[in-house]
K.L.:
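If you scroll down you'll find the structure; I have some questions about it.
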Amino acid sequence: MTDGDRSVELEECVGNPGFLEERVRGSGGPVAAACAEATGVGGRDTGTEYTQIRPYAGMPKEVLLLYSGRARYRAPRQVLFWLVIACILALVALTVAIIALSPRCMGWWQVSPLYQVYPRSFRDSDGDGVGDLRGIIEQLSHFEYLNIKSVWISPFYRSPMQDLGYDVEDFRDVDPLYGTMQDFEELLTQMHNRGLKLIMDFIPNHTSDRHRWFNLSRSRDEHYKDYYVWTDCNASAPRPNNWVSVFGNSSWTYDEVRGQCYLHQFLKEQPDLNFRNPHVRQAMIDIVRFWLEKGVDGFRMGAVKRLLEATHLRNEPQTDPRKPPESFPSEWDLHHDYTTSQLGLHQLLQEWRAEMDTYSREAGRYRFMVTESYDHEEVDKTMMYYGSPLVKESDFPFNFYLLDLPQNTSGLWVQHLVHLWMTNMPSGRWPNWVVGNHDTPRIASSAGQSYARVINMLLLTLPGTPITYYGEEIGMENINVSLSQMQDLAGKYNASAGRDPQRSPMQWSSNMNAGFNSRTNVTWLPIHPDYNNVNVESQKEDSSSVLTQYRFLSHLRQSELPLQRGWFCSVYADANVFSYLRELDGLDRAFLVLLNFGKEAAVTDLSSVDKLPDLLTVVVSTVPWTAGRQFPKSSIPSAAGEGLVLQYSSQQRFNAQPAAHCYVSEKACYLGVVNLLYKC
Ligand code: GLC
Ligand code: MG
């Protein structure tokens, strides 16, 4: 019998359950005998005879065990075993090393501009003249077109609209003017389906005087009586102290029902909540939770510096002590030592932050917080909202300093405003840039239309999150509002403080009502007369439009690492030009941005910047025919209001120079061979 025949027969015998059974019992029954005869195995001394069999597929365990102990099987097995262990350990070490070496992934609130929608004015789907949530749903593709991932929608809570939604009657309901809760839920779902994030306004400082809490408080309901800030006062001259409202006049109003005065830092229809009352704190946390449960991605916390007031109610110092104290001063006549930035305020924000963070633990659902506080020359107060390395607050406080840009359109001034933020920001934090919102005149009007492009270029090429108020992407301007058209009560107190001019309907097309609505001729504020040219539809067709450039830069910012997370280094500023570069260690490709904010054309000589190569290539210019051209660094021409992004290739780093004016949020280096970013 050949070896081959024998193993075939062996397989048959082993495959025969009778053989196995008899062998295990050691009975040497008839099957075993037949097999033993066929194979010469399974006789009396099976143990020794098995050793003569060669291993084969499907060996029973008993046979297998006889072989497994032999050195020629044991050794490779052990080698394999330790090899697997070593691989696992190496993989774990590699994973730990990659985690330790990787720079932080950028959050969704960092990778694209943040776009502010003022819902009254964005798009009116039902033709009542006022924008609504369904209108926003209709225009979601606009955000995708602009490569925008996060959208802040100004308040749409139920409201008597004295402050156009910033006076909230019910924090858990949608105002019928804007739609229903179902509309909101659909908006959120559709946004999430498109990868868009929704940020809501949270308005903790006050409610509407029509809020249920206020009605219960003024009638001294046991639970609600201290929900607001009440004090005794004289009904005929209700001024317990000299505090003033942001909108002018006393911040105290006498309430006949309760027979006391209540505090309101804004309109008298917006009583301030009393955050020294733990019930109020809890009630507001519950509201934060309510919307987080619904799935919103973050909050813009409004008017935060006014959350607490001093309990002693002493007069605030006048900026001009010679003024007669009985005159009604405006906000600017007092130092707000007792009505803003009081001790305890940051604890409130930290509490809300902690609440949001518990929801951020849901995978991929980071909840974002931005705070609104105008601190003017007290920039350190603004920076406190970043929190500390150990205690988190907002992801960033709004940077309102660029709102001062129109005061002096010059390169030096813009450089000063940019440095103001960068030098004061705590290290490692993320900047942001605001040039407009529903409270401030439109930048294209205050700086001038000819600067709209260069300002957008500034925002989209600086480090940090650019913030875009609706319409800035097409260069929308303020409207003129007559007294009879005025909607903003703040303007009724003080015409120059009215905010209607910057709230006019979005200009979508040159159709009726600029495409804001298509069913009626009514719009809640007039449409800007320039809508025939300044509108989304026609600017999409025009390669030199504000919109086309915005979109190009928004994509460029996302696709180019140096723009997204590289160093920012100021290299030059004069009366016209502000110039900076963006570079990333390890990456040869870098960008020089040169912006002319002045009133004259300029030819800039950057030959003293020795790290720059001699020739630079224009990637994009606000004067389109310049794109693709090359300029020597010794003479870069720019027209007034022109902005240029130039590209160059160099292994030399500007940020490595000791005297360089450079900033980076979190340093990362690029390793070209493996296309990897690492902490360095
Ligand atoms: C916020 C809003 C502003 C509003 C104020 C009072 O600051 O931005 O529009 O008037 O709060 O609610
Ligand atoms: Mg307050």
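Small disclaimer: the values here were computed from a predicted structure and weren't measured. Numbering of residues begins at 1 and proceeds along the displayed sequence. Order of listing sets the numbers, starting from 1, for every ligand and every atom in it.
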K.L.:
Could you give the distance from CE (Met384) to OG (Ser394), rounded to the nearest 0.5 Å?
P.N.:
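Output value for this atom pair is 11.5 Å.
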K.L.:
Which ligand 1 atoms are under 4.0 Å away from a heavy-atom of His206?
P.N.:
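That gives atoms 6 (C), 12 (O) of ligand 1.
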K.L.:
Does the ring centre of Trp430 sit less than 6.0 Å away from the ring centre of Phe396?
P.N.:
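When the ring centroids of Phe396 and Trp430 are compared, they turn out to be at least 6.0 Å apart.
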K.L.:
For ligand 1, which atoms, with element, lie under 4.0 Å from some heavy atom of Glu372?
P.N.:
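Those atoms are 1 (C), 7 (O), 8 (O).
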K.L.:
Could you establish whether Arg300 and ligand 1 come within less than 4.0 Å of each other, counting only heavy atoms on the residue side?
P.N.:
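Yes, that is the case, since the closest heavy atom of the residue is under 4.0 Å from the ligand.
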K.L.:
Considering non-hydrogen atoms of the protein only, which is the closest contact for atom 11 (O) of ligand 1, and what is the distance?
P.N.:
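The answer is Tyr166 CD2, 4.0 Å.
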K.L.:
Under a 4.0 angstrom heavy-atom cut-off, which atoms of ligand 1 come close to Asp163?
P.N.:
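Reading through ligand 1 atom by atom, the close ones are 4 (C), 5 (C), 6 (C), 10 (O), 12 (O).
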K.L.:
One residue to check: Phe266. Relative to ligand 1, which of side chain, backbone, both or neither has a non-hydrogen atom less than 4.0 Å away?
P.N.:
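Just the side chain.
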K.L.:
Just wondering, are more than 12 heavy atoms of other shown residues or ligands nearer than 6.0 Å to CZ in Arg429?
P.N.:
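It does: Arg429 CZ has more than 12 such atoms within range.
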K.L.:
Starting from atom 8 (O) of ligand 1, which protein heavy atom do you reach first, and at what distance in Å?
P.N.:
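Looking at atom 8 (O) of ligand 1, the protein heavy atom closest to it is Asp439 OD2, 2.5 Å.
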K.L.:
Is Asp163 salt-bridged to Arg499, cutoff N-O under 4.0 Å?
P.N.:
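Between Arg499 and Asp163 there is a salt bridge, with a charged N closer than 4.0 Å to a carboxylate O.
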K.L.:
Knowing that exactly one of Trp152, Tyr385, Trp433 qualifies, which makes a ring pair (Phe, Tyr, Trp, His ring centres under 6.0 Å) with Phe398?
P.N.:
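For Phe398, the ring pair (Phe, Tyr, Trp, His ring centres under 6.0 Å) check succeeds only for Trp152.
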K.L.:
Heavy atom under 4.0 Å from ligand 1: found in Phe247's side chain, backbone, both, or neither?
P.N.:
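Within the 4.0 Å criterion, Phe247 contacts ligand 1 through side-chain atoms alone.
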K.L.:
Run the numbers for me: atoms of ligand 1, each under 4.0 Å from some heavy atom of Arg499, listed by number.
P.N.:
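Ligand 1 atoms under the 4.0 Å threshold to Arg499: 3 (C), 4 (C), 9 (O), 10 (O).
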K.L.:
With a cut-off of under 6.0 Å to the ring centre and 45° to the axis, is Arg218 in cation-pi contact with Tyr262?
P.N.:
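So Arg218 doesn't make the cation-pi contact.
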K.L.:
Do Arg123 and Trp508 form a cation-pi contact, if we require the NZ or CZ to be under 6.0 Å from the six-membered ring centre and within 45 degrees of the ring's axis?
P.N.:
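Not satisfied by the 6.0 Å and 45° rule.
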